Amino acid sequence: IIAAGLFAGIVVIGLAGYYLARLALVPIQTAWERQQQFVADASHELRTPLAVVKTNAELMLRHPENTVEQESARVTNILREAIRMNKLVSTLLTLARADANQLELQLKPVVINEVIETVVEQFRPLVELKGLELSVSVEPQLEMTADRERLHQLLVILLDNALKYTAPPGRITLTCSKLQNQIGLKVEDTGCGIVPEDLPRVFDRFFRGDKARHRETGGAGLGLSIAQWIVEKHGGKIRVESSPGVGTQFYITLPAKK
Ligand code: ADP
């Protein structure tokens, strides 16, 4: 009986130890793997614009007989890629600082209407230039405790996507209202939509729907992961619904006071 008891005890302790070790080790390993993946993806994203810069500079050096127009086209390519890299590097820095918990929100009372107005002013010409319609419906005098800059950034990401993924004649709708002590934000478009198998991955870092389609739009697949970070850091939630060929809706709820 004693031997059986000892044996059972050893088995129970062994199993408990095994599961505890797994609980402790698995998240560490996953975090490490995620970090490795992040570095690999980031390097990959920087490689393409760097290659364009290098090739154009080499061509300029090798062909001094080029006309001013040809040279100017090459310099334009270099500049475009440099701007893209600059944007990418600052996005990567934001994510790295967020991961290291070094990025704090500057929480202050914010009148959301003012933030929306600024973003809409910035987007309306681009939306109209593309032949789309922009409708905005915001309850008057909506206030919340938030980081104004981050709220602005969140709206820019969502409107920028709506603009990128909607062909004319389409419509982008921005709605904001208060529901008890929550602020509800909705960004809706009548664009290409997202296929159901991509929906769970759109907030993943570096995820892009269709590689070929997005090469021309130029995103690195980081916008929505930053949007999600901003919302969650404010204690809110973000979710997406979409029908391919019909359109996409992003729903956000944020606590009015944090
Ligand atoms: P990016 O736009 O730079 O590719 P995001 O992280 O902002 O990266 O978005 C990830 C992916 O989600 C996009 O590549 C696209 O496939 C999809 N997506 C995001 N917003 C929309 C939208 N409004 N309509 C259709 N697809 C979208």
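If you're wondering where the values come from, they're calculated on a predicted model, not measured in any experiment. In each ligand, atom 1 is the first atom listed, and ligand 1 is the first ligand listed.
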Chemist: Checking Asn56 now: which residues fulfil side-chain hydrogen bond (donor to acceptor under 3.5 Å, both in side chains) with it, not counting sequence neighbours?
Modeler: Asn77

Chemist: Of all the atoms in ligand 1, which lie at a distance below 4.0 Å from a heavy atom belonging to Lys164?
Modeler: 1 (P), 2 (O), 3 (O)

Chemist: Indicate if Met144 and Tyr251 have the same hydrophobic cluster label, given that clusters are the connected sets of ILVMFWY residues with side-chain heavy-atom separations under 4.5 angstrom.
Modeler: no

Chemist: Can you list the ligand 1 atoms lying under 4.0 Å from a non-hydrogen atom of Gly223?
Modeler: 5 (P), 6 (O), 7 (O)

Chemist: Return yes if a side-chain donor-acceptor contact under 3.5 Å exists between Arg150 and Gln153, otherwise no.
Modeler: yes

Chemist: Is the number of heavy atoms from other residues, nucleotides or ligands within 6.0 Å of NZ (Lys87) greater than 12?
Modeler: no

Chemist: So for ligand 1, is Asp189 a polar contact partner (N or O within less than 3.5 Å, distance only)?
Modeler: yes

Chemist: Do the side chains of Phe250 and Val246 join up, straight or via other hydrophobic residues, at under 4.5 Å, putting them in one cluster?
Modeler: no

Chemist: Provide the number and element of each atom of ligand 1 under 4.0 Å from a heavy atom of Gly221.
Modeler: 1 (P), 3 (O), 4 (O), 6 (O), 8 (O)

Chemist: What do you reckon, does Ile157 have a nitrogen or oxygen under 3.5 Å from a nitrogen or oxygen of ligand 1?
Modeler: no

Chemist: Would one find an N or O of Gly209, backbone or side chain, under 3.5 Å from an N or O of ligand 1?
Modeler: yes

Chemist: Taking non-hydrogen atoms only, is Leu224 closer than 4.0 angstrom to ligand 1 via side chain, backbone, both or neither?
Modeler: both

Chemist: Find all atoms of ligand 1 within a distance of less than 4.0 Å from any non-hydrogen atom belonging to Leu222, and give their numbers and elements.
Modeler: 6 (O), 8 (O)

Chemist: Who pairs with Glu81 by side-chain hydrogen bond (donor to acceptor under 3.5 Å, both in side chains), at least two apart in sequence or on another chain?
Modeler: none

Chemist: Out of all atoms in ligand 1, which are within 4.0 Å of some heavy atom of Arg208? Include the element for each.
Modeler: 4 (O), 14 (O)

Chemist: Taking only heavy atoms of Ile194, which atoms of ligand 1 are found under 4.0 Å from at least one of them?
Modeler: 18 (N), 25 (C), 26 (N), 27 (C)

Chemist: Establish, from distance only, whether the side-chain atoms of Gln70 and Thr67 form a donor-acceptor pair under 3.5 Å.
Modeler: yes

Chemist: Ala220 heavy atoms, cut-off 4.0 Å: which ligand 1 atoms fall inside?
Modeler: 3 (O)

Chemist: Looking at Thr190 and Gly247, would you say the former's side chain and the latter's main chain have a donor-acceptor pair under 3.5 Å?
Modeler: no

